[in-house]
Amino acid sequence: MPVSYKDLGLDNTRAMFRKAFEGQYAVPAYNFNNMEQLQAIVTACAETRSPVILQISSGARKYADQTLLRYMAEGAVKMVRGMERAHAADQAIPITLHLDHGDTFELAKSCIESGFSSVMIDGSHHPYEENIRLTKEVVAYARERDVTVEGELGILAGIEDKVQAAQSTYTQPEEVVDFVGRTGVDSLAISIGTSHGAYKFKPEQCTRDERGILVPPPLRFDILEEVEKKLPGFPIVLHGASSVIQDAVAMINKYGGAMKDAIGVPEEQLRQAAKSAVCKINIDTDGRMVMTAAVRKVFVESPAEFDPRKYLGPARTALIEMYKRKNREVLGSAGRYGKEF
Ligand code: G3H
Ligand code: 13P
Ligand code: ZN
């Protein structure tokens with residue numbers, strides 16, 4: 001039986017992006033695959049009074065089971081509303097359940113039918129006209145159900161879904177008006193130099209600071225500005241926006257890991273982007289790394305430990321702190337729906 005997101009207490013992205021645009025901040029889109037990640041994301045966002053987009057990739061859907069994930073998201077909404085009642089909050093934070101990097105109409109349809117309030121259809125690796133055709137098809141289905149759709153133009157370097165792109169293809173500002181007009185998307189992901197994963201830039205693209213840490217080339221804010229001029233007031237999305245927190249890299253390496261030259265997007269640049277038309281910032285890798293660092297520490301320091309709560313618990317605590325800091329210092333989304341708890 002298809003279910004509407006409206007019956008699950010979820011929101012689409014329309015009103016939250018309008019408010020983010022006007023308030024010059026970005027809504028966090030955090031990926032989750034398991035209970036501890038989801039608990040950390042919603043706890044951090046409820047406590048900081050930040051809107052939140054819970055993001056599920058097709059890989060996450062396969063890993064955790066699509067039915068279970070839908071009930072987990074419903075449970076997360078109920079958990080947040082309980083926290084709001086306990087703190088007598090006078091506003092509720094909006095919560096979106098979003099498909100990340102949907103690659104087929106069937107996948108987007110299946111997510112919408114199971115209660116997603118927003119979907120991404122990523123046709124960026126197709127030829128332009130095919131991207132338009134596929135995106136339009138999803139928009140037509142989503143619109144009838146008041147579900148919002150994110151499209152993408154330009155290819156991020158690294159692993160874009162199942163497509164390996166060695167080189168990024170920046171979004172061409174001359175295409176955006178035609179793409180948005182013909183597809184009817186509600187938001188647009190663009191490529192301005194970010195990429196997915198923990199190795200966003202090759203050492204040869206970077207310089208090194210006095211500690212030997214790589215300093216990446218700056219994002220192409222000139223392309224973002226051109227896009228903003230062509231689509232005034234339109235919500236833009238940044239994928240591949242983990243900063244690859246260097247403390248997490250160091251902790252992973254200290255406790256037996258091997259993540260040499262892992263490098264992300266500097267947080268000052270993400271803060272700058274959040275003040276622009278960028279209304280949604282996607283972060284997955286930072287969560288994975290913070291979790292891994294905390295688990296590795298327990299394994300090394302307490303090798304006799306075998307209760308998963310004893311290592312997933314500290315990982316969840318570390319994630320909550322990281323997401324809260326991102327909301328406050330990077331996205332600027334904290335405190336937008338009342339005072340922090
Ligand atoms: O953009 C990709 C996200 O980080 C999801 O990654 O496909 O490994 O779940 P995944
Ligand atoms: P990161 O790999 O930089 O966290 O990007 C995540 C993302 O874009 C999910 O769609
Ligand atoms: Zn992405």
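Counting starts at 1 for both ligands and their atoms, in listed order.
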| message | Checking the N or O distance criterion of under 3.5 Å, is ligand 2 in contact with Asp286? | response |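 No; every N/O pair is 3.5 Å or more apart.
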| Gly240 N/O under 3.5 Å from ligand 2 N/O | yes
| From CA spacing to verdict: side-chain hydrogen bond (donor to acceptor under 3.5 Å, both in side chains), Thr48, Glu340 | CA-CA 5 Å; Thr48 56; Glu340 291 196 32; 5.5 Å; no
| Distance-only N or O hit between ligand 1 and Asp284, under 3.5 Å | yes
| query | N/O of Ser57 under 3.5 Å from N/O of ligand 1, yes or no? | reply |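 Indeed, backbone or side chain, Ser57 has an N or O that close.
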| task | Output the atom name for the N/O/S atom of His239 with the smallest distance to the Zn ion (ligand 3). | result |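 Looking only at N, O and S atoms of His239, the one nearest the Zn ion (ligand 3) is named ND1.
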Numbering the atoms of ligand 2 from 1, which are under 4.0 Å from a heavy atom of [X]?
{"X": "His239", "answer": "8 (O), 10 (O)"}
{"X": "Gly197", "answer": "2 (O)"}
{"X": "His196", "answer": "2 (O), 5 (O), 6 (C), 7 (C), 8 (O), 10 (O)"}
{"X": "Lys200", "answer": "1 (P), 2 (O), 3 (O)"}
{"X": "His101", "answer": "10 (O)"}

Mode of [X] contact toward ligand 2 - side chain, backbone, both, neither (heavy atoms, under 4.0 Å):
{"X": "Asn31", "value": "side chain"}
{"X": "Ile283", "value": "backbone"}
{"X": "Ser57", "value": "neither"}

| task | Would you check if there is a donor-acceptor pair between the side chains of His239 and Asn282 at a distance under 3.5 Å? | result | yes
| query | Passes side-chain hydrogen bond (donor to acceptor under 3.5 Å, both in side chains), Ser110 versus Arg61? Steps please. | reply | CA-CA 11 Å; Ser110 156; Arg61 226 164 159 254; 2.7 Å; yes
| field | Closest protein heavy atom to atom 2 (O) of ligand 2, given as residue, atom name and distance to 0.1 Å | value | Thr285 OG1, 2.6 Å
| message | Tell me the protein heavy atom at minimum distance from atom 10 (O) of ligand 2, and give that distance in Å. | response |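 Checking every protein heavy atom, the shortest distance to atom 10 (O) of ligand 2 gives Asp100 OD2, 2.7 Å.
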| Do Leu188 and Ile190 have side chains that get closer than 4.5 Å, going by heavy atoms? |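 A side-chain contact under 4.5 Å exists here.
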| field | Side chains of Val52 and Thr96 in contact at under 4.5 Å (non-hydrogen atoms) | value |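 No, their side chains stay 4.5 Å or more apart.
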With heavy atoms only and a cut-off of under 4.0 Å, state how [X] meets ligand 1: side chain, backbone, both or neither.
{"X": "His239", "answer": "neither"}
{"X": "Asp100", "answer": "side chain"}
{"X": "Asn282", "answer": "neither"}

| said: Below 4.0 Å from ligand 1: does a non-hydrogen atom of Met120 turn up there or not? | reply: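 Contact check Met120 vs ligand 1: negative.
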| task | To 10°, measure the NE2(His101)-the Zn ion (ligand 3)-NE2(His196) angle for me. | result | 100°
Would you find a donor on one side and an acceptor on the other, under 3.5 Å apart, between the side chain of [X] and the backbone of [Y]?
{"X": "Gln37", "Y": "Asn33", "value": "yes"}
{"X": "Thr171", "Y": "Ser191", "value": "yes"}
{"X": "Ser117", "Y": "Val147", "value": "no"}

| For ligand 1, which atoms sit closer than 4.0 Å to a heavy atom of Asn31? |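 Counting from 1, the qualifying ligand atoms are 3 (C), 5 (C).
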| query | How about Phe299 and Tyr311: are their ring centroids closer than 6.0 Å? | reply | yes
| task | Answer with yes or no after comparing the ring centroid distance for His101 and His125 against a 6.0 Å cut-off, counting only values under it. | result | no
| query | How close do Leu8 and Val3 get, heavy atom to heavy atom, and via which atoms? | reply | CD2-CG2, 3.9 Å
| request: With sequence neighbours excluded, give me every ring-ring contact (aromatic ring centres under 6.0 Å, His included) pair touching residues 19-73. | output: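 Listed once each, the pairs are Tyr30-Tyr323.
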| Got a sec: does the NZ of Lys136 have more than 12 other heavy atoms crowding it under 6.0 Å? | no
